[in-house]
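Just follow the structure's listing: the first ligand is 1, and inside any ligand the first atom is 1.
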Amino acid sequence: MSHEKVLVTGATGKLGRELVPLLLEAGVEVTAGTRDPERGRALFGSGVEVRELNYARTETYDAALMWADRVFLMPPPFSPDAYEAIGAFLDWAVAARVEHVVLLSGMAMPEESDLPLRRAELHLEGQDVAGTIIRPNLYMQNLYPGFIYRQIRQDGEIRLPAGQEGVSLVDVRDVAAVAARALTESGWAGRSVTLTGPRALDMHEVSRILSRHTGRPVAYEPIEDQEFQELLEADGWRAGEIEVILGLFRSVREGWRKPVLADLEEALDRPPRSFEAFAAELEGVWE
Ligand SMILES: NC(=O)c1ccc[n+]([C@@H]2O[C@H](COP(=O)([O-])OP(=O)(O)OC[C@H]3O[C@@H](n4cnc5c(N)ncnc54)[C@H](OP(=O)(O)O)[C@@H]3O)[C@@H](O)[C@H]2O)c1
């Protein structure tokens with residue numbers, strides 16, 4: 001199979017920055033799409049073509065898609081309008097005759113739900129293009145860097161509305177590895193995979209594992225939505241984003257994010273990375 005070029009949207013994000021080097025290693029030419037090409041060039045160096053791509057600006061679409069025959073499609077994070085944002089771009093890419101679109105979606109969506117990412121999946125399935133849907137559980141990398149990391153450093157405490165339920169957190173590097181295979185190997189058209197880590201951990205277990213590696217005690221305190229909303233507001237999050245985040249934690253409390261599935265191991269021919277290994281790598285960031 002010939003692969004001329006892959007456009008990676010969201011290339012500077014947690015997943016995109018892992019995916020771009022994997023595609024280069026596989027010998028594929030890559031365009032990295034970002035709203036801030038200068039930041040993209042600083043991140044990737046000279047081996048990657050970086051193009052401005054902003055879903056809100058259709059004038060950026062053509063140059064980003066130039067010569068691309070495959071697209072990794074990343075919805076914007078925490079956006080209640082994620083479907084509208086990527087739907088228009090997907091239509092544009094199909095009209096530009098890309099051959100294969102790999103859509104990043106998410107775990108924990110009932111088939112009949114009208115959540116933005118579920119609508120994006122159905123939109124892709126209705127297009128005249130080969131499609132693959134990747135549905136990861138929450139990433140381990142949400143714990144560092146970001147909001148939760150700041151909570152731990154300041155208070156030695158994780159305060160989330162996650163109840164007592166387990167989550168089969170997945171390492172974003174494993175998700176990127178599956179995406180790289182879907183973009184470079186045959187046999188992925190029409191496939192959907194749900195990617196989880198090897199074990200469901202509740203937040204008490206997450207805290208215990210982090211404690212072993214931070215050199216300080218970390219505790220989990222389950223909180224109510226209202227308190228979490230206030231914490232997020234104080235941290236500068238917008239109302240629409242907060243609603244999406246509260247929905248994610250509702251899905252945790254309802255047990256939707258607990259299953260451990262075999263898709264990742266089947267795709268990579270090796271077990272998923274563990275949270276223990278991820279936490280061990282973080283030693284040194286807690287001082
Ligand atoms: N985080 C998780 O645990 C997780 C798990 C499963 C699924 N997901 C899904 O993954 C998606 C991204 O979330 P994330 O947490 O991975 O985010 P992230 O690491 O912050 O990356 C998101 C990327 O989207 C790009 N972006 C934002 N707005 C854009 C726009 N208007 N036009 C073009 N690009 C735009 C940003 O790139 P620039 O700033 O460079 O433009 C950024 O690199 C979400 O839909 C989320 O539901 C996330």
Side-chain angles (χ1 to χ4, degrees), residues 7-20 31-44 48 50-61 63-65 71-90 92-93 102-109 113 115-121 124 133-149 160 162 167-176 178-179 192-197 206 237-238 240-241 243-249 251-252 256-257 263-264 275 278:
L7 167 64
V8 176
T9 69
T12 65
K14 288 188 271 298
L15 199 162
R17 65 176 62 201
E18 303 293 339
L19 175 58
V20 168
T31 301
T34 168
R35 289 167 301 174
D36 183 351
E38 207 146 298
R39 197 160 61 93
R41 276 188 276 276
L43 184 64
F44 297 117
V48 179
V50 177
R51 294 275 170 123
E52 181 184 356
L53 175 63
N54 185 339
Y55 299 129
R57 287 172 22 91
T58 51
E59 61 271 34
T60 64
Y61 290 6
L65 281 163
V71 173
F72 178 73
L73 184 54
M74 156 95 66
F78 308 119
S79 167
D81 304 319
Y83 169 68
E84 288 75 7
I86 59 165
F89 180 72
L90 174 57
W92 203 286
V102 175
L103 171 68
L104 181 74
S105 180
M107 191 181 176
M109 282 188 301
S113 94
L115 288 166
L117 296 185
R118 180 63 189 142
R119 292 173 69 200
E121 290 182 359
L124 174 59
I133 295 170
I134 295 186
R135 300 184 182 120
N137 203 350
L138 296 173
Y139 305 149
M140 296 172 190
Q141 280 76 5
N142 292 323
L143 287 155
Y144 173 81
F147 179 76
I148 300 174
Y149 170 65
L160 295 173
V167 183
S168 55
L169 292 168
V170 65
D171 191 308
V172 75
R173 292 168 293 185
D174 284 345
V175 181
V178 174
S192 305
V193 286
T194 300
L195 305 181
T196 70
V206 164
W237 295 79
R238 292 195 294 267
E241 295 171 330
E243 210 169 300
V244 173
I245 296 170
L246 292 177
L248 291 177
F249 283 102
S251 70
V252 171
W256 285 91
R257 294 184 177 276
D263 294 13
L264 195 151
F275 186 74
F278 168 76

When you measure from the side chain of [X] to the backbone N and O of [Y], does any donor-acceptor pair fall under 3.5 Å?
X      : Y      : answer
Thr9   : Met74  : yes
Glu18  : Ala176 : no
Thr196 : Asn137 : no
Asp81  : Glu84  : no
Tyr61  : Tyr55  : yes

May I ask whether Val172 places a heavy atom under 4.0 Å from ligand 1?
no

Should Ser105 be listed as contacting ligand 1, given a heavy-atom distance under 4.0 Å as the test?
yes

Calculate, to the nearest 0.5 Å, the distance between atoms OG1 and CG belonging to Thr12 and Leu43 respectively.
7.0 Å

Point-to-point distance, once rounded to the nearest 0.5 Å, from CD1 of Ile148 to CG of Leu143:
4.5 Å

Suppose we measure from [atom] to each protein heavy atom; which comes out shortest, and what is that distance?
atom                    : result
atom 20 (O) of ligand 1 : Pro77 CG, 3.8 Å
atom 19 (O) of ligand 1 : Lys14 N, 2.7 Å
atom 2 (C) of ligand 1  : Tyr139 CD1, 3.2 Å
atom 23 (C) of ligand 1 : Gly10 CA, 3.8 Å
atom 37 (O) of ligand 1 : Thr12 OG1, 3.4 Å
atom 6 (C) of ligand 1  : Pro136 O, 3.5 Å
atom 34 (N) of ligand 1 : Tyr55 CE1, 3.8 Å
atom 39 (O) of ligand 1 : Arg35 NH2, 2.7 Å

For Trp237 and Phe147, run ring pair (Phe, Tyr, Trp, His ring centres under 6.0 Å): C-alpha distance rounded to whole Å, both residues' side-chain angles, the deciding distance at 0.1 Å, then the answer.
CA-CA 11 Å; Trp237 295 79; Phe147 179 76; 7.0 Å; no

Do Arg135 and Ser105 have a side chain donor and acceptor closer than 3.5 Å?
no

Short list, please: which atoms of ligand 1 are under 4.0 Å from a heavy atom of [X]?
X      : value
Leu104 : 9 (C), 10 (O), 11 (C)
Thr34  : 38 (P), 40 (O), 41 (O)
Leu53  : 32 (N), 33 (C)
Arg39  : 38 (P), 39 (O), 40 (O)
Asn54  : 30 (C), 31 (N), 32 (N), 33 (C)
Met74  : 11 (C), 12 (C)
Asn137 : 5 (C), 6 (C)

Answer yes or no: does atom CD of Glu243 have more than 12 heavy-atom neighbours from other residues, nucleotides or ligands under 6.0 Å?
no

When you look at CD of Glu38, are more than 12 heavy atoms from neighbouring residues, nucleotides or ligands closer to it than 6.0 Å?
no

Please step through salt bridge (Lys or Arg N to Asp or Glu O under 4.0 Å) for the pair Glu121 and Arg118, ending with a clear verdict.
CA-CA 5 Å; Glu121 290 182 359; Arg118 180 63 189 142; 2.6 Å; yes

Should one rank Asn142, Thr9, Thr60, Val50 by closest heavy-atom distance to atom 1 (N) of ligand 1, which comes out on top?
Asn142

Closest to atom 43 (O) of ligand 1 by heavy-atom distance, out of Ala85, Ala82, Gly13, is Gly13

For atom 46 (C) of ligand 1, is the nearest protein heavy atom closer than 4.0 Å?
no

